[in-house]
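Quick notes on the structure that follows.
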Amino acid sequence: MSSLTLGIAILIISAAYFFVANRASSSQRAAGTKFHSLPHYYGLYAALLAFLPAFAILLVLAIGDDLVFRSLALDFVPDEVKASKNYKEVIVMAQITNVVDGINFGEQPDWVYAAAEAWKGWDATSTTLRTILVISLSLLGGMFAYRQVNPGFRSRNAVERIIMTILAASSAIAILTTIGIVFSVIFESLRFFALVPVSEFLFGTTWNPQFEGAERAGSGQMGLATYGSVPLFAGTFLISIVALTVSVPVGLFSAIYLSEYATPKVRAVVKPVMELLAGVPTVVYGFFAALTVAPFIRSTGMSLGLDVASESALAAGLVMGIMIIPFVSSLSDDVINAVPQALRDAAYGLGSTHSETVRQVVLPAALPGVVASILLAVSRAVGETMIVVMAAGLAANLSFNPLDAVTTVTSQIVTILVGDQEFESAKTLSAFALALTLIVITLGLNFVALQIVKKYREQYE
Amino acid sequence: MSDVTKGRISPDVAASRVAAGLAARRSKEKRFQLYGKIAIGIALAFLVTLFVSIFSKGIPGFFQHYVTLEVTLDRAKLDPAGDLSVQSLYDGDARGVIRKALYEATGASGRSGRKAAGKIISGGAEQRLREAVLNDPSILDTTQSMTFAVDDDVDSFLRGFIKRETPEKDRRINDRMIGYIDTLTEQGLISFQFSDYLIFGSASRNAEMAGIFGALIGSILTLAVCLVLSFPMGVATAVYLEEFAPKNRVTELIEININNLAAVPSVVFGILGLAIFIGIFGMPRSIPLIGGVVLALMTLPTIIISSRAAIRAVPPSIRDAALGVGASRMQTMLHHVVPLAMPGMLTGTIIGMAQALGETAPLLMIGMVAFIVDVPGSVTDPGTVLPVQIFMWADFAERMFVLKTSAAIMVLLAFLILMNAAAIIIRKKLERRW
Amino acid sequence: MNSADQSHNFATAGLPAETVGDVHVDHPRMTARNVDVFYGDKQAIDNVTLDIGEKQVISFIGPSGCGKSTFLRCLNRMNDTIDICRITGEIALDGQNIYDPKIDVVPLRARVGMVFQKPNPFPKSIFDNVAYGPRIHGIATSKDELNDIVESSLERAGLWNEVKDRLHQPGTGLSGGQQQRLCIARAIAVSPEVILMDEPCSALDPIATAKIEELIAELSSEYTIVIVTHSMQQAARVSQRTAYFHLGKLVEVGNTDQIFTNPQHEMTNNYITGRFG
């Protein structure tokens, strides 16, 4: 039975147990026995016990069997193949699984067919075993619960305990995700730093990962590939600066105008319209940057006699700035509104004009919050991917001229990891090291920003 | 203090000094307001530019040029085996049948003339013809008026992007083709119609045949997986943290994690999917299942945070009332708190889904960027999604791809606007204020 | 009739058609004539006419929500900051209508200063707090003059000796009473003619309150002071005239001694004897 039909089967078993247990309890109840809980709790208890353990086992087996088969299949690979220079586990596995799935790309070596045949055998055995195991577990679980249908058993409490466990388990997903992210990045990063020294990665000024396999081929210590990430961070920095130069003044002044001057009607219209900018998918911004803004900047620059790269940092940064405007403006709006009215009154009471009140009293008071919102915007800019992938290019130039082409951390990660890659090469691994630094930077910015906001809130509470 | 008047300015002097500075201060005030207006003007101008630039290309992108031909559907040629099987139709000479009609319409003759005329029509015409025959075999051995898309270069010429005045060697269609196109135009056989390929076509390297159907289905499947996972998990987490979680280290750790996950760049979730699901579990690339899981993890913080806010907005008096009549905490939560908080939770979920629908970077990481012609039939079939399709098309230089990319963006934006409108309506209609 | 209705009738019954007592004085600094104030549809002040004498302390008393603070805020147009607030009638400063469209609210507020219920120093240094007004208005012509203004204002607010060694520390670090005196120093630094005080001691302890009251008495030789207070003892201690507001109406006004010893109107009598409020 396939996993899906098995799932349906245990659902049906659970439903059956629900009715049986429910009926048993309610008929005894009708006969005058006093039960601790309402009948449907006995039914629910039986159904949950029939479903949950069986379903958990089903999930584990469905995901786990492939892993076991893989390691078993490796035994079929002849030693001389394993010893060969071009040996890649991923490719071998693909060969075998293709044959298993009945997809044939030309003639494969005999051992591949042998492995595939064995695989099919394991598959059949495992399916049979799985079916027997899951169905019987479901039946047993339900039976166990059914036998507990007696007046003294507190089925409601039991059901609630089970639900509580499910709730708690759900909230653990957040931790699991974090662990998953850390694990998926740390191990590969460590492997990368075994090949490339940390100091070179952090301080090297040339990023040139093209020559795959150079280090494994043993052509010199590092081959021709160099992994100095400075140009990537410089590019990220440059584009972020351009983005902030656009978004901070525009966002901040918009926020000031909307919260201090605009009539409620204007505010009710303009605010949501500006927030549209945050809802536009980044791929759309990327398209806009690459097809409209970049050519426009290039031709404007040309007519001014400037040398502008077709994929300039300016274009990507400008569009990213547009995207970030609503982040700056809505966060600033919040902090400006959080400044107590008493402070404004004090300034007005002394005869300040509106702008004097805003500039000399409201803004200084809101400054920590505004700084925090800018930091969040920076973290957003640093992590932004699609705009830079589509509009910033891949040239790892170490330049601070916004008219040059630069590349960023995120666009390198995408470029390296998109498509088929081998987990073994330093090039692939470098993407994980970049991702690690990216996570550290964005989380750092976020942490600092949240601390500032927290302090700021306390000040006015 | 020896001098009692030191530092004392009489009200009259003060008033005159205040008056002296007033004009300057007033103009400063005006300037400051102007900065605000300019800032809003800039932001709105950006928005308008963005939309105008997309819409001006996208609206024509919904249409393309078609040519209508009188095709003689010769059974012997189209269905050599005579059994109307797919194989037989593929073996048949649909291409020849169409070309024959085309030569007649254009009057093309000679080797080079026929070659030029053949280039006018899209390579997808044969498939169209086969489908028509399969749908209605009775049209065989009759002459039918059939409409086929023109090749994308011809389309560009008809739209005026390829200029007649350009020297022949510099343009992608030669003088002879232009002659034939003119002939067809004079006969009224060329039409500019709503592009059925855009909506019902799938990924294709030929611009005139490319469409978003596969990507749309991929997006729907991916979002379905995302919703099925993230909504229950997000709500369960929110309920647990707000209603039941003890105040301890573990709870604190969970909260910190949720806040951090909200700050992690989306591309990192793609790396997670790549390393864990594809790298360790050995699941196939490009499938909506993994895409959905990755997007679910990414949208979880949004859903959790808004669900928690919704639960917190349910007044404690409701809980007290339920607990007061003897309901257990779980019953209070299931019967009262969650139903009352549901509109807020749904709003947050829809906003999260809208984010997921527009997300591109993490899906690139798990290989949904592959060129996949087949429309995915299930969550485990390889597929792509709308934003990734847009990303791929944006790389192609053909004018028609630019137009179709913009049209695809309009479709994507339309979905996003619908979702956000739904969220606003739910909030306005269902949310209660206490 | 239940007791709630009774007290309600007791409170509203017998509002006088006209203010009892003499609303006029010989040397008025500010004059209010037939002032009505509305918040949206709700009328907050109903036809108030009152003179405020030069270099005199007048206190506004009355139960909470009676409109005394609202009326105070009309005197330097602080209500302008509330969008839905609308004012009719005339309020004049030295004979000039302050609600005249030609009048600029900025110099008006420089002439009519205000101290608020809760001390609200800016999150700046003590010096910058006091110097703020002179700076924005350009009152000081030199740095030295500004220093002198700050010193003399703090001196007059009775704060100089306490803060002279820490002028550049934040004003928010002072105690509540010191903060309120700082706010008074800030108000007098712009050399106003009138100072409005909106329950300036309600957030302070008795000792700080006593200091502020002392200060008000000293300042009254130089300034016209209007003080809103919920404490009748305070009104009796600091003011020469007292005005009693009830439900937006000015019920009675007169010399403080007379109001507290021999109120003419029954409602005033009820209020000051503590029968309601």
Engaged part of B:Ser286 at the chain A interface, taking heavy atoms whose separation is under 4.5 Å: neither
For A:Ile181, is it the side chain, the backbone, both, or neither that has a heavy atom closer than 4.5 Å to a heavy atom of chain B? both
Side chain to side chain donor-acceptor pair (under 3.5 Å) involving A:Arg380 - partner list, sequence neighbours excluded: none
Interface moiety of B:Lys37 toward chain A, non-hydrogen atoms closer than 4.5 Å: both
Please tell me if the side chains of B:Leu47 and A:Met274 come closer than 4.5 Å, counting only heavy atoms from C-beta onward. no
Would you find a donor on one side and an acceptor on the other, under 3.5 Å apart, between the side chain of B:Gln33 and the backbone of A:Tyr261? no
Dump the intermediate steps for side chain to side chain contact (heavy atoms under 4.5 Å, CB included) on B:Thr237 and A:Leu167, then the final yes or no. CA-CA 6 Å; B:Thr237 306; A:Leu167 293 182; over 6 Å; no
Tell me, for B:Ala263 versus chain A, whether the close heavy atoms (under 4.5 Å) come from the side chain, the backbone, both or neither. both
Please look at A:Ala168 and chain B and tell me whether the side chain, the backbone, both or neither of the residue comes under 4.5 angstrom of a heavy atom of that chain. both
A:Thr385 versus chain B, the contacting section by heavy-atom distance below 4.5 Å: side chain
Listed partners of A:Thr282 passing side chain to side chain donor-acceptor pair (under 3.5 Å), at least two apart: none
Examine whether an atom of B:Val402 lies under 4.5 Å from a heavy atom of chain A, and if so say whether it belongs to the side chain, the backbone or both; otherwise answer neither. both
